[in-house]
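Take a look at the structure below.
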Amino acid sequence: MSETESRDFIRQIIHDDLESGKHEQIVTRFPPEPNGYLHVGHVMSICLNFGVAAETGGRSYLRFDDTNPGRESEEYVTAIERDVRWLGFDWADRLTHASDYFERLYEVAIALVESGAAYVDSLSADEIREYRGTLTEPGKNSPHRDRTVEENLALLAGMRNGDFADGEHLLRARIDMSSPNMNLRDPALYRIRHVTHQRTGDDWCIYPMYDFAHTLSDAFEEITHSLCTLEFEDHRPLYDWFLDQLKPAQRPRQIEFSRLNLAYAITSKRKLNALVEEGIVEGWNDPRMPTIAGMRRRGYPAAALREFVKRGGVTKKDKLIEMGVLENCIRENLADDAERRMGVLRPLKVVLTNYAEDKVEMMQAMNHPGRPELGTREMPLSRELWIEQDDFMEEAPRKFFRLKPEGEVRLRFGYIIRCDEVIKNEAGEVIELRCSYDPDTRSGTGSSDRKVKGTIHWVSCAHAMDASVRLYDRLFTEVNPNSADDFHAVLNGDSLETVGAKLEPALAELDGAVAVQFERLGYFCTDSEEHSTDAPVFNRIVTLRDSWAKLEKQAMQQQV
RNA sequence: UGGGGCGUAGCCAAGUGGUAAGGCAUCGGGUUUUGAUCCCGUGUACCGCAGGUUCGAAUCCUGCCGCCCCAGCCA
């Protein structure tokens with residue numbers, strides 16, 4: 001990074017800490033709870049934490065915050081590891097779990113009790129809530145707050161030993177029940193939970209709370225900068241309180257930044273989970289989901305996601321970023337690399353009346369207009385073709401330069417054709433076009449330099465490959481579904497449309513998850529779950545920009 | 001109505017006392033056998049509002065307004 005380039009406030013702090021010699025090496029961590037899949041919001045945190053360390057020659061941990069067994073599972077652990085790696089980051093041998101430290105955490109708890117900084121409370125959950133006070137009224141001390149160290153030690157040992165039922169006792173920090181900061185009103189440190197933990201099994205029946213486990217884990221791992229989101233800002237005094245008690249040689253500093261919210265998307269694990277549980281989407285990796293798994297299956301390149309969060313920036317201001325920014329990153333990423341192919345999503349038959357019945361010509365098609373080194377492929381052309389329904393209009397406006405009655409258009413890499421006749425069914429719907437082609441206009445031969453305004457894509461009927469193509473749209477109709485009272489009310493019923501498409505034969509050889517551009521339509525890839533050679537299934541990653549659609553929309557609005 | 005944050009163009013975002021970068025979107029135009037890509041060009045943003053300090057303030061001070069977060073034995 002050059003001197004003149006501006007740094008976000010966190011990178012500035014880190015830069016200063018390195019410059020001043022406060023730290024020789026930066027150590028960060030990304031600490032997800034394995035209770036759900038990672039989403040766009042996490043992408044930002046991952047890029048920040050791993051990015052900042054990588055940029056400064058530091059190191060980062062991938063640490064699972066697994067302190068609440070019962071709602072956490074290995075499935076999520078596996079998914080999270082895969083997602084972080086796919087995004088392009090590496091934690092080397094620094095994959096840890098809060099549960100790795102359960103023994104050390106417990107030792108610290110004992111030390112806290114011994115120093116009088118923690119005590120065992122025996123109030124019920126309801127009573128504790130009452131004693132806590134409210135936002136505007138101070139809380140009051142628990143009657144158990146002044147138990148002796150010996151009593152507390154014995155009780156804590158009993159808790160660990162399994163002598164008590166869930167909820168019977170609770171280890172609390174002794175701080176200040178009248179603090180205006182709720183987090184300091186004697187926060188819970190350990191609760192009793194007779195639950196099997198996914199990693200430690202039945203070794204424990206007491207589990208540490210987030211603030212305690214997280215702060216100490218940071219200290220144990222000698223994290224220098226503990227970067228988290230804004231909602232933890234008022235936990236910082238507690239974070240610092242723990243550090244004051246522990247006095248670690250390497251004292252981590254917590255810095256908060258605002259979350260990244262994506263327009264028309266939800267980024268709440270609870271709600272994302274509800275979408276999955278209620279069957280509103282097909283799973284955590286449904287291509288409409290803003291999860292990393294969903295976006296990967298959709299075909300979003302990891303580099304585009306990284307670029308996206310980079311454009312969002314790192315600040316403390318609440319942000320709601322437009323979908324268009326994400327889509328542009330994807331288009332920009334794919335534009336240079338994706339090879340071009342042709343596919344017709346909503347087929348309309350065209351018969352070339354002056355083209356011989358059994359004739360087939362192989363047309364040379366460029367794989368990428370801007371990169372001739374990517375070569376060409378052959379596309380069979382015959383008497384009957386499929387073109388896009390949208391590329392024909394019976395009563396077309398002046399600026400519509402596709403096909404219309406008695407109008408001409410060029411077939412991409414083919415001939416100029418003219419629409420002579422429109423065939424309709426009883427319902428009055430156009431079902432076929434009879435056209436004639438001009439043999440002198442074959443693409444590339446130059447026997448005629450006639451120009452027509454429009455060029456459309458096509459696929460030969462006899463050679464077309466049938467495929468199921470999924471067209472995705474935003475999952476919600478509200479810009480900020482996060483704030484809706486009930487997200488069900490703002491679900492977009494048309495977020496998925498599946499069409500029976502006709503694809504050019506070369507698409508049969510498409511390899512894996514490689515993205516291709518269907519000319520004039522968008523970028524597509526095969527679906528990692530359901531695609532097969534026998535039954536091809538494609539996902540639309542993102543459409544191409546469409547200035548015609550924009551014009552149409554404007555025209556519609558003017559009429560209204 | 002306690003505490004903690006945040007308020008610069010439609011969306012992001014630089015700027016930290018010297019008279020408002022940049023990106024995306026928008027809107028023009030050029031190239032183009034993808035209405036794509038690419039290339040040019042395009043914005044008076046009352047810097048939340050109102051006062052004050054100063055020769056000079058988005059930047060300092062005061063008051064106000066708006067939005068977000070906190071009362072889990074969740075993270």
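Naming: A, B, ... by sequence-line order, numbering from 1 per chain.
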Can you check whether A:R191 has a side-chain N or O nearer than 4.0 Å to OP1 or OP2 of B:rG72? no
Heavy-atom nearest nucleotide on RNA chain B taken for A:T315 and for A:K399; more 5' hit belongs to A:T315
By nearest-nucleotide position on RNA chain B, the 5'-leaning member of A:P31 and A:H368 is A:H368
Output yes when at least one side-chain N/O atom of A:R311 is less than 4.0 Å from OP1 or OP2 of B:rA14, else no. no
Side-chain atoms of A:L320 come closest, of B:rU34, B:rC12, B:rC69, to B:rC12
In terms of the angle between their ring planes, are A:H42 and A:H39 parallel, tilted or perpendicular, with boundaries placed at 30° and 60°? tilted
Hey, does the side-chain of A:D234 have a donor or acceptor N/O within less than 3.5 Å of a partner on the base of B:rG3? yes
Between B:rG29 and B:rG18, how far is it from one P atom to the other, in whole Å? 41 Å
d(CG, A:L135; C1', B:rG72) in whole Å: 14 Å
Taking B:rC49 as the reference, what is the distance to B:rC11 when you measure between their P atoms (whole Å, please)? 15 Å
Distance between C1' atoms of B:rA45 and B:rG7 (Å, rounded): 14 Å
Short side-chain N/O contact to B:rA36 OP1/OP2 from A:R520, under 4.0 Å: no
If the C1' atom of B:rU1 is compared with that of B:rA9, how far apart are they to the nearest Å? 35 Å
Taking OP1 and OP2 of B:rU26, is either one under 4.0 Å from a side-chain nitrogen or oxygen of A:R545? yes
side-chain N/O A:K319 vs B:rC6 OP1/OP2, d < 4.0 Å: no
Using the C1' atom on both, measure B:rG15 against B:rC60 and round to a whole Å. 16 Å
For A:D100 and A:R199, what are the C-alpha separation, side-chain angles and deciding distance, and is it a salt bridge (Lys or Arg N to Asp or Glu O under 4.0 Å)? CA-CA 9 Å; A:D100 296 341; A:R199 297 193 76 245; 2.9 Å; yes
Under 4.0 angstrom between A:R340 side-chain N/O and B:rU37 OP1 or OP2: no
The single option from A:R29, A:R63, A:E221 passing side chain to side chain donor-acceptor pair (under 3.5 Å) against A:T96: A:E221
Is any N or O donor-acceptor pair between the side chain of A:E322 and the base of B:rG10 shorter than 3.5 Å? yes
Give a yes or no on whether a donor-acceptor pair under 3.5 Å exists between the nucleobase atoms of B:rU34, that is its base, and the side chain of A:T455. no
Any side-chain N or O of A:K317 less than 4.0 Å from the OP1 or OP2 oxygen of B:rA13? yes
Would one find a side-chain N or O of A:N328 under 4.0 angstrom from OP1 or OP2 of B:rA25? yes
Taking atom C1' of B:rA13 as reference, at what distance in whole Å does atom CD of A:Q12 sit? 16 Å
For B:rG72, decide between syn and anti, treating a glycosidic angle within 90° of 0 as syn. syn
Rounding to a whole Å, what distance do you find between A:M159:CE and B:rC73:P? 13 Å
For a quick test of reading the model: is some side-chain N or O of A:K550 closer than 4.0 Å to OP1 or OP2 of B:rC27? yes
Does B:rA25 have its OP1 or OP2 closer than 4.0 Å to a side-chain nitrogen or oxygen of A:R331? no
Using whole Å, what does the distance between atom P of nucleotide B:rU8 and atom NZ of A:K316 come to? 16 Å
Atom-pair distance (CD on A:E233; P on B:rG5), nearest Å: 6 Å
How close or far is atom P of B:rA36 from atom CE of A:M342, stated in whole angstroms? 17 Å
For B:rG3, does OP1 or OP2 lie under 4.0 Å from any side-chain N or O of A:T136? no
Between B:rG10 and B:rG5, how many Å separate the two P atoms, rounded to a whole number? 28 Å
Taking 5.5 Å and 30° as the limits, would you call A:W548 and the base of B:rG35 a stacked pair? yes
Scanning all shown strands, the Watson-Crick or wobble mate of B:rG56 with both distances under 3.5 Å is none
Heavy atoms, side chains only, cut-off 4.5 Å: are A:F30 and A:L48 in contact? no
In whole Å, what is the span from the CE atom of A:M363 to the P atom of B:rU34? 15 Å
A:F9 CZ to B:rA13 C1': how many Å, rounded? 13 Å
Contact under 4.0 Å: A:S547 side-chain N or O vs B:rA36 OP1/OP2: yes
Describe the nucleic acid contact of A:I321 in one word from base, sugar-phosphate, nothing, applying a heavy-atom distance below 4.0 Å. sugar-phosphate
Pairwise C1' distance, B:rA71 and B:rG4 [rounded to whole Å]: 14 Å
Check if the side chain of A:E332 and the base of B:rU37 share a donor-acceptor pair of N or O atoms closer than 3.5 Å. no
Searching all strands shown, indicate the nucleotide that pairs with B:rC6 (Watson-Crick or G-U wobble; both distances under 3.5 Å). B:rG66
For a quick check of understanding: with a heavy-atom distance under 4.0 Å over all strands, which category does A:H457 fall into, base, sugar-phosphate or nothing? nothing
Check: B:rG72 base within 3.5 Å donor-acceptor of A:R129 side chain: no
Rounding to the closest angstrom, what is the interatomic distance between B:rA21 and B:rU33 at atom C1'? 40 Å
In terms of side-chain heavy atoms, does A:N367 have a donor or acceptor partner in A:R341 at a distance below 3.5 Å? yes
Cation-pi check for A:Y131 against A:K140: NZ or CZ below 6.0 Å from the six-membered ring centre and within 45 degrees of the axis, yes or no? yes
Would the distance check show the side chain of A:D186 and the main-chain N or O of A:R172 forming a donor-acceptor pair, the cut-off being under 3.5 Å? no
